[in-house]
Number of protein chains: 2
Amino acid sequence: MKDTDDKLTNRNIKPTAMRELVLDILTEQKMAISLSDLEQKFHKSDKVTLYRTLKTFEEKKLIHSIDDGTGAVKYALCKESCQCHPEDLHVHFFCLKCQHTFCLSDIPIPSINLPVNFSIENINMVVKGVCSSCND
Amino acid sequence: MKDTDDKLTNRNIKPTAMRELVLDILTEQKMAISLSDLEQKFHKSDKVTLYRTLKTFEEKKLIHSIDDGTGAVKYALCKESCQCHPEDLHVHFFCLKCQHTFCLSDIPIPSINLPVNFSIENINMVVKGVCSSCND
DNA sequence: AAGTTTATGCAACTGAGTTGCAAACTAATC
DNA sequence: GATTAGTTTGCAACTCAGTTGCATAAACTT
């Protein structure tokens, strides 16, 4: 638990049992998960608590949210150094076959030349297609 | 109405009064609009009919949908030639100040080198920031 | 005109996200 | 270690976007 604890305190999040549990679940995921996915990992749980936990994590930049167009926002862990600035962002992939959403952490979002006088704060880029596991 | 009619029939959509009206409204928009935005442009209207109209338009590639992360999907007209293939797609912009969503029709979505064995079908790219009108 | 297909309108529902409030817990102080 | 103040959790209840089923109306077919 020490490690999980540190990750929380490093991000200025008071480590409660609930939050450690949620962080552990998020850590073992290979893909981004939604609030209701998360809810189903608990036998007995309260959606609202999980909701607020995710909000807190996101606010403190421990996780980031991905709007993959499925109607449910997905969440995934940020890298240790991530500040969620445009230059920290990466592309996400949604597989139309297995319906999973992944971080393509190695693929930064290409920079865009916006029209004059537009300023940029954030970018969401989701590629949809078929992932390698489903393409065999 | 002749022109509106043609746009519908060109896309294989049977031109009804309702559909002409919706297409006209969409045509005069400078920004993408949501279902409920559209609903409010009618004094008396049925959400479901508008919903199905938009679905039909989207299916026939007369309009495209934009998931800007606000929780309500927005819609905007496609170019005449658009087939909604990856190469037809452009970047969208959401202004954090005026809360409007625009097509940046002139900015194509940059191509991405996906990992091996990933195939691509579609891309959604939304840049968030402040638009030129709000940046004065 | 009768029959078939398509579009529209109404009611009702689902599911994600959210708020308010009270109880439980934690941390800080005496 | 009891008292208080602040934070977190759990429950109920609600909002709002999107959606389905079904009945009526309109448009096409012969």
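Proteins come first, then strands; the chains are lettered A, B, ... in the order of their sequence lines, and each starts at number 1.
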Can you check the [X] [atom1] to [N] [atom2] distance for me, whole Å?
| X | N | atom1 | atom2 | result |
| --- | --- | --- | --- | --- |
| Leu38(B) | dA17(D) | CG | P | 13 Å |
| Phe42(B) | dC10(C) | CZ | P | 14 Å |
| Leu21(B) | dA7(C) | CG | P | 17 Å |
| Glu20(B) | dA26(D) | CD | P | 16 Å |
| Asp5(A) | dT26(C) | CG | P | 13 Å |
| Asp37(B) | dC16(D) | CG | P | 14 Å |
| Leu50(A) | dG17(C) | CG | P | 12 Å |
| Glu59(A) | dT18(C) | CD | P | 12 Å |

Original post:
So, for Gln83(A) and Asp88(A), which heavy atoms are closest and what is the spacing to 0.1 Å?
Top reply: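 Closest approach of Gln83(A) to Asp88(A): N-OD2, 2.9 Å.
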
Could you tell me whether [X] contacts a base, only the sugar-phosphate backbone, or nothing, with contacts defined as non-hydrogen atoms closer than 4.0 Å?
| X | result |
| --- | --- |
| Ser34(B) | nothing |
| Thr16(B) | sugar-phosphate |
| Lys47(B) | base |

In terms of side-chain heavy atoms of [X], which of [options] is nearest?
| X | options | value |
| --- | --- | --- |
| Tyr51(B) | dG18(D), dT18(C), dA16(C) | dG18(D) |
| Thr49(B) | dT8(C), dC28(D), dG10(D) | dT8(C) |
| Thr53(B) | dT8(C), dT8(D), dA11(C) | dT8(C) |
| Met18(A) | dT18(C), dA17(D), dT9(D) | dT9(D) |
| Asp46(A) | dC11(D), dC10(C), dT8(D) | dC11(D) |

Is a side-chain donor-acceptor pair under 3.5 Å present for [Y] with [X]?
| X | Y | value |
| --- | --- | --- |
| Lys74(A) | Thr70(A) | yes |
| Glu58(A) | Ser65(A) | yes |
| Asp24(B) | Thr27(B) | no |

Original post:
If each of Lys74(B) and Lys14(B) is mapped to the nucleotide of DNA chain D with the nearest heavy atom, which maps nearer the 5' terminus, i.e. the 5' end?
Top reply: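 Its nucleotide being nearer the 5' end, the pick is Lys74(B).
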
**OP:** Starting from the C-alpha separation in whole Å, work towards a yes-or-no answer on side chain to side chain contact (heavy atoms under 4.5 Å, CB included) for Ile13(A) and Arg19(A).
**Re:** CA-CA 9 Å; Ile13(A) 303 166; Arg19(A) 288 170 176 172; 3.8 Å; yes

Original post:
Between Leu54(B) and Leu26(B), does a side chain to side chain contact (heavy atoms under 4.5 Å, CB included) hold up when you go through it step by step?
Top reply: CA-CA 10 Å; Leu54(B) 290 174; Leu26(B) 286 167; 4.3 Å; yes

**OP:** Give a yes or no on whether a donor-acceptor pair under 3.5 Å exists between the nucleobase atoms of dG18(D), that is its base, and the side chain of Arg52(B).
**Re:**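 Side chain to base: no pair present.
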
Subject >> Common cluster, Val126(A)/Ile109(B), ILVMFWY with side-chain heavy-atom separation under 4.5 Å >> reply: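 No, no single cluster joins them.
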
**OP:** Name every residue in residues 63-73 of chain A that has at least one heavy atom under 4.0 Å from any atom of DNA chain D, in order of residue number, or write none if there are no such residues.
**Re:**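 Nucleic-acid contacts, sorted: none.
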
Subject >> The single option from His64(A), Met31(A), Lys30(A) passing side-chain contact (heavy atoms from CB on, under 4.5 Å) against Cys103(A) >> reply: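 The residue from His64(A), Met31(A), Lys30(A) that satisfies side-chain contact (heavy atoms from CB on, under 4.5 Å) with Cys103(A) turns out to be His64(A).
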
